[in-house]
Protein chains: 2
Amino acid sequence: MPGTDRYQQHRAQAIRAAASVFSEKGFHGATTRDIAERLGIKQGSLYYYFRSKEEALEEVCLFGIRDYVLRMDQIAASDQPFEAKLMAVLTSHLSSYRERNEALKVHNDERLYLPSGKRTRLKELGTHYREKLEHIFEEGVADGTLRDSLDCHFAAQSVIGICNAWGDIIVRDPDLDMFAVIQKCADLLLDGFRERRGADSAAVADSGHG
Amino acid sequence: MPGTDRYQQHRAQAIRAAASVFSEKGFHGATTRDIAERLGIKQGSLYYYFRSKEEALEEVCLFGIRDYVLRMDQIAASDQPFEAKLMAVLTSHLSSYRERNEALKVHNDERLYLPSGKRTRLKELGTHYREKLEHIFEEGVADGTLRDSLDCHFAAQSVIGICNAWGDIIVRDPDLDMFAVIQKCADLLLDGFRERRGADSAAVADSGHG
DNA sequence: GCGCCATTCTATAAGCCTATAGAACCTTTA
DNA sequence: TAAAGGTTCTATAGGCTTATAGAATGGCGC
C-alpha cells in the first residue's frame with residue numbers, strides 16, 4: 001500500500017525496470033510484460049505500482065531530475081572561480097549520465113509521449129538548467145575570464161550539447177575515462193583547438209582528479 | 001510497379017511520410033495507418049510500396065545517408081586550408097539536418113529497431129564519417145593550424161556532438177540563422193571561450209554567407 | 001492456529017495493429 | 001471504345017496489448 005516503506009522501495013525498483021526497458025525498446029516498443037519480467041513479477045501485478053503504462057513513463061522521466069537541476073543551482077550560486085564552476089558542471093552532467101543511465105536516455109527521446117503538462121514541466125526544468133549555465137558564462141565574461149564577444153546563450157547550449165553527446169558515449173562504454181573526457185571538454189571550451197605560438201594553452205584549473 | 005518512374009516518385013513520398021511519422025511517434029508508436037494518412041492513401045495501400053513496416057524503416061534510415069557521407073569524403077579530399085574545411089563540414093552537417101529533417105531525427109533513435117545487418121551498416125557509415133573528420137583534424141595538427149596536444153578522436157566526436165545538438169535545435173526553429181550558428185561553432189572550436197588580451201580571436205575564414 | 005492485510009497471481013475483455021486477398025478504379029495505348 | 005496493366009480501395013484474419021476483477025499467497029501480531 002502506498003505509505004509503507006517496502007512499497008516505496010519496490011515502486012522505485014519498478015521505475016528503474018521501466019526506465020531500463022523504455023530506453024531499450026522505446027515507450028511504445030516496451031510492453032508491460034517486458035517491464036514486469038525484468039522486475040520478476042507477472043504483467044498484471046505491475047498495476048499495483050502504476051495506474052497505467054503512461055504513469056510509469058512519467059515517473060521514469062522525473063526520476064532524479066530534480067537532484068540534477070538542484071546541483072546546477074548549487075554550482076551556479078557557489079563562490080568559485082569560473083574555471084572551477086565549469087569543471088563542476090561538466091562533472092555533474094557527465095556523472096549524472098553514468099548514474100542514471102537508462103533514465104536519462106529516456107528523457108532525451110521518450111518525453112515525446114508524456115502528457116503535455118508533464119512535458120512542459122520537464123521543458124521548464126531544462127530551460128532553468130540552461131539559464132543557470134548561461135548565468136555562469138555571463139559571470140565569466142563580466143570578470144574577464146571569457147571574451148566579451150561570447151554569446152552566452154550559444155555557449156550554454158553548446159556545452160549541454162557536448163555533454164549529452166559525450167554522455168551517450170560514456171554510458172555505452174564503461175571503460176572510458178570520464179575525467180579525461182571532462183578535461184578535454186574544458187580544454188576545448190576554454191581554449192579551442194587552434195595552435196597558439198608562445199602561449200600556454202593548457203591552463204585549466206586542476207580539480208584533483210587524476 | 002517497381003520500375004516505372006511514377007512508382008519511384010510515389011515511393012519516395014512514402015518514405016518521407018514514414019520518416020515524418022516515425023520521428024514524431026517513434027517506430028512502434030507510429031501506425032501504418034498514420035503513415036498512410038499523411039500520404040493521403042488508405043492503410044492497406046501502403047503495402048504496395050513496402051513489403052512491411054520494417055522495410056519502411058530501413059528505407060527511411062538509409063534515405064540520403066550516402067550523399068551525406070559522400071560530401072564528407074569530398075571535403076576531406078579537397079585542397080583547402082583547415083579553416084575552410086571546418087566551415088564546410090559544419091555547413092554540410094547542419095544543412096543536412098535542415099534538408100532531411102525528419103529522417104535524421106529517426107537515424108539517431110529508431111535505428112535500434114533495424115535488423116542487425118542494416119544496423120551495423122549504418123554504424124559503419126557513422127564510423128567512416130567520424131574517421132574522415134578525424135583525418136581533417138590530423139592534417140590541421142600537421143600543418144600547424146591546430147595545437148599538437150589535440151586529441152583528434154576527441155575533437156571529431158565533439159564536433160559531431162555539437163553539430164547534432166545544434167541540428168536538433170535548428171530543425172525545431174526554422175527562424176534560427178544557421179550561418180550564425182555555424183560561425184559561432186567555428187569560433188568555439190578554433191579559439192574557445194577564454195579572453196585573450198591582445199590577440200585577434202575572430203580569425204575564422206569568411207566563407208561568404210553573412 | 002487465526003485473521004488481517006499487503007502483495008502477487010490467473011484469467012479475460014476489449015481494442016488496436018499488421019498484413020493479405022481480391023475487388024474496383026483509373027490511365028494509357030491502340 | 002476496348003483491353004491491359006498500374007494503383008488504390010474494402011474487408012478481414014489473427015495476433016498481441018493494456019487494464020481490470022477477483023482469487024491465491026505469505027508474513028505478522030495475537
Side-chain angles (χ1 to χ4, degrees), chain A residues 1-61 106 109-115 118, chain B residues 1-61 106 109-115 118:
Chain A
M1 208 99 205
T4 132
D5 211 37
R6 177 190 164 88
Y7 177 84
Q8 287 303 337
Q9 274 182 325
H10 281 205
R11 190 165 195 271
Q13 295 274 25
I15 294 171
R16 272 178 234 272
S20 152
V21 177
F22 286 157
S23 75
E24 275 175 30
K25 309 196 168 191
F27 176 68
H28 295 287
T31 67
T32 54
R33 179 178 301 267
D34 292 333
I35 298 169
E37 261 170 23
R38 182 142 322 180
L39 200 52
I41 63 175
K42 296 290 175 184
Q43 183 263 340
S45 311
L46 211 56
Y47 286 77
Y48 183 61
Y49 298 109
F50 302 115
R51 219 180 306 282
S52 67
K53 190 183 171 191
E54 287 230 331
E55 186 182 295
L57 178 63
E58 288 176 19
E59 293 300 322
V60 166
C61 285
V106 170
D109 308 343
E110 306 301 314
R111 57 184 162 203
L112 256 174
Y113 313 123
L114 281 175
K118 300 269 173 179
Chain B
M1 207 101 207
T4 130
D5 212 38
R6 176 189 165 91
Y7 176 85
Q8 287 303 339
Q9 274 182 326
H10 281 205
R11 190 164 195 269
Q13 295 274 24
I15 294 172
R16 273 179 233 272
S20 153
V21 176
F22 286 156
S23 74
E24 275 174 30
K25 310 197 168 189
F27 176 67
H28 295 287
T31 67
T32 53
R33 179 178 300 270
D34 293 333
I35 298 169
E37 261 170 24
R38 183 141 324 179
L39 199 54
I41 63 176
K42 297 291 175 184
Q43 183 263 340
S45 312
L46 211 57
Y47 286 76
Y48 183 61
Y49 298 109
F50 302 115
R51 218 179 306 281
S52 68
K53 191 183 170 191
E54 287 228 332
E55 186 181 297
L57 178 63
E58 289 176 18
E59 293 300 322
V60 166
C61 286
V106 170
D109 307 343
E110 306 301 315
R111 58 182 160 203
L112 256 176
Y113 311 124
L114 281 176
K118 300 268 173 179

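Predicted model only: the values in this text are computed from it and were never measured. Below, chains carry the letters A, B, ... as their sequence lines are ordered, and counting in each starts from 1.
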Chemist: Taking N and O atoms by type only, does the side chain of B:Q43 place a donor or acceptor under 3.5 Å from a partner on the base of C:dA19?
Modeler: yes
Chemist: Figure out the CZ/P separation between B:F50 and D:dT8, and round it to whole Å.
Modeler: 12 Å
Chemist: Taking atom P of D:dT18 as reference, at what distance in whole Å does atom CD of A:E37 sit?
Modeler: 12 Å
Chemist: Relative to the 5' end of DNA chain C, which residue comes earlier, B:T31 or A:S45, by the nucleotide with the nearest heavy atom?
Modeler: A:S45
Chemist: So B:A56, base contact, sugar-phosphate only, or nothing? Heavy-atom distance under 4.0 Å.
Modeler: nothing
Chemist: Output the single nucleotide from D:dA19, C:dT8, D:dT8 whose closest atom is nearest the side chain of A:Y48.
Modeler: C:dT8
Chemist: Could you state the NZ-P distance from A:K53 to D:dT20, rounded to the nearest angstrom?
Modeler: 15 Å
Chemist: Expressed as a whole number of angstroms, how long is the span from A:L46:CG to C:dA11:P?
Modeler: 19 Å
Chemist: Quick one: A:Y47 OH to C:dC9 C1', roughly how many Å, whole number?
Modeler: 15 Å
Chemist: So, A:R33 side chain and A:Q43 main chain: donor-acceptor pair closer than 3.5 Å or not?
Modeler: no
Chemist: Is there a side-chain contact between A:K42 and the phosphate of C:dT8, meaning an N or O under 4.0 Å from OP1 or OP2?
Modeler: no
Chemist: What is the nucleic acid contact for B:Y49, judged by heavy atoms within less than 4.0 Å: base, sugar-phosphate only, or nothing?
Modeler: sugar-phosphate
Chemist: Is any side-chain N or O of A:H28 closer than 4.0 Å to OP1 or OP2 of D:dT17?
Modeler: no
Chemist: Please determine whether a side-chain nitrogen or oxygen atom of B:T32 lies at a distance below 4.0 Å from atom OP1 or OP2 of C:dC17.
Modeler: no
Chemist: How many Å lie between NZ on B:K25 and P on C:dC16, as a whole number?
Modeler: 13 Å
Chemist: Whole angstroms only, please: what is the CZ-P distance between A:R33 and C:dT8?
Modeler: 17 Å
Chemist: Using whole Å, what does the distance between atom P of nucleotide D:dG27 and atom CZ of A:R6 come to?
Modeler: 9 Å
Chemist: Can a donor-acceptor pair be found, under 3.5 Å and without considering hydrogens, that links the side chain of A:Y113 to the backbone of B:G26?
Modeler: yes
Chemist: Is there a donor-acceptor pair closer than 3.5 Å between any side-chain N or O of B:K118 and the backbone N or O of B:E59?
Modeler: no
Chemist: In terms of relative ring orientation, are A:Y48 and A:Y7 parallel, tilted or perpendicular, with 30° and 60° separating the classes?
Modeler: perpendicular
Chemist: Would the distance check show the side chain of B:K53 and the main-chain N or O of B:A30 forming a donor-acceptor pair, the cut-off being under 3.5 Å?
Modeler: yes
